Amino acid sequence: MKYKLFFTVVFCFISICSFSQNELKVTDSNTALHALQPDYQVPYGAPKAGEVTAVMNRIFMFLDASTPAKMIDRESKREISDFGKLSQNSVFEPGVFRLISYEWGVLYGAMLNASEATGEQKYRDYTVRRMNFIGDVADRYRSKNMNNSPVRSVNDPRALDDAGSMCAAMIKTMAAGGNQSLRPCIDNYINYISTKQQRLADGTLSRNRPLADALWLDDLYMSVPALAQMGKLTGEKKYYDDACRQILQFSQRMFNPDLNLYMHGWIQAMDPHPEFHWARCNGWALLAMSELLDVLPGNHPSREKILDQFVKHLKGLASYQAESGFWHQLIDRNDSYLETSATAIFTYCAAHGINSGYLDVQAYGPMAVLGWNAVTTRVNEKGEVEGTCVGTGMAFDPAFYYKRPVNVAAAHGYGPVMMAGAEILKLMKNWQIVVNDSAVMFYKNGDNWRNYR
């Protein structure tokens, strides 16, 4: 009797297990296989506004604490509050990042974008407070006729890196309530770009670094936004004309129409011109076009050409986005590493192009959302941006680009990530972003997207 009971229990147990296994087994007849959750490397789907602002706030808190706006005595380390006492021995209080650099020019503009998108004054205040501080310090040194100073690059710019990005940011800051001490700095910067920077015979901005008559694609951002903003500030067409000339003449030499990508460097005397499609320089070119289109009058004769170039470039970039949402350090070489700053710039430009009415939201919206989701994985709990390539010169071999280090202190990543977050927030306000049939889709506000299920 005991044995019979034992075998009955065992049989029942086996039957139950067999039934459970059959119930758990996924088949075409019991499961909608197309709805199974994929193993995504980064978050997939529509971001939430609170999540976007949380990322932006982490970055803000880190930067606000890491970039003090103070002058100190080099020897005593004491703060100098009376700018009348500034001397050759006065320096900026050291922070993680410099207050005056082309990278921080991007960041200052990005903070203004963030303030507009979120309605939070702290982002605007970050820029206005530091820009006013820089303008006041520059004014004091200018009146003392001391060029060897912490603001030498403001009062005596000697390269496009000194002038362009900071100039554009100062003009934007004045429009946002910055004080008039910025105007002499702006005039000084634009005078350098327009009259002092080396150019080729046709007026294309160039350098003698690392070789004679070199075009750096980066220089589109170091010049065009400043020229565009100066056109807006003064109403003088010559600044718009020069900005358009740079885009079109750089593109004639450096844009590959088969790939819709730019090469990084071009040397006038070199033949052939080796193509290395470095991601961030493509970002600077795209961002320069985006900022020009923001202010270029609708009746300007070059506007349609600039817009066409912007759209072609984004079309090319879209075809190289990795499944993780990032772009590679060398865009068309997928064994090079995934880079953050360029991904953030491309994300911003795609979202901004949609918000401005230049791009089809259905075609480029998912690209922008995927890019933003990727970028968020590189912002750590401290608010540092990881995975950003450090400053990069021009080279004509792949090893140089493949092996450029990444570092959280690379300032190039912070402005683009803040810009991307701000523009994604605007995109979310303008459209319904939902996952329909497992994929990211965009619908007009007010439409019932469930009609398309």
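Basis for what follows: all heavy atoms, side chains included, without hydrogens, waters or symmetry-related copies. It should be emphasised that the depicted structure is a prediction, and the values quoted were computed from it without experimental measurement.
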Between [Y] and [X], is the closest basic N to carboxylate O distance under 4.0 Å?
X: Lys172; Y: Glu291; result: yes
X: Asp242; Y: Arg199; result: yes
X: Glu116; Y: Lys426; result: yes
X: Asp308; Y: Lys312; result: yes

Q | The single option from Asp64, Asp125, Thr173 passing side chain to side chain donor-acceptor pair (under 3.5 Å) against Arg130 | A |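 By the side chain to side chain donor-acceptor pair (under 3.5 Å) criterion, Arg130 pairs with just one of Asp64, Asp125, Thr173: Asp64.
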
**Q.** Mutual orientation of the aromatic rings belonging to Phe97 and Trp104 [parallel < 30°, tilted 30-60°, perpendicular > 60°]
**A.**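 Ring orientation of Phe97 relative to Trp104: parallel.
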
Q) Tyr401 vs Trp278 aromatic rings, parallel, tilted or perpendicular, using cut-offs 30° and 60°? A)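 Tyr401 vs Trp278 ring planes: tilted.
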
Compute whether any side-chain donor of one residue and acceptor of the other, for [X] and [Y], lie under 3.5 angstrom apart.
X: Ser290; Y: Tyr348; value: no
X: Glu423; Y: Asn355; value: yes
X: Ser341; Y: Tyr414; value: no
X: Tyr452; Y: Asp437; value: no
X: His277; Y: Tyr320; value: no
X: Gln198; Y: Asn208; value: yes
X: Asn256; Y: Glu275; value: yes
X: Thr27; Y: Asn30; value: yes

Q) What's the verdict on salt bridge (charged side-chain N to carboxylate O under 4.0 Å, His left out) for Arg207 and Asp218, showing C-alpha distance, side-chain angles and the deciding distance? A) CA-CA 12 Å; Arg207 309 189 195 192; Asp218 321 52; over 6 Å; no

Q | Heavy-atom check, side chain of Phe60 versus side chain of Lys122, under 4.5 Å | A |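 In short, these two side chains touch, coming nearer than 4.5 Å.
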
**Q.** Residues that Gln362 engages under side chain to side chain donor-acceptor pair (under 3.5 Å), provided they are two or more places apart
**A.**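 Scan of Gln362 (side chain to side chain donor-acceptor pair (under 3.5 Å), adjacent residues dropped) gives none.
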
Q: Just jot down the ring pair (Phe, Tyr, Trp, His ring centres under 6.0 Å) partners of Phe326, sequence neighbours excluded, or say none.
A: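 Expected list: none.
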
Q) Can you list every pair that meets ring-ring contact (aromatic ring centres under 6.0 Å, His included) and has a residue in residues 282-308, with sequence neighbours left out? A)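 Only Tyr221-Trp284 qualify under ring-ring contact (aromatic ring centres under 6.0 Å, His included).
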
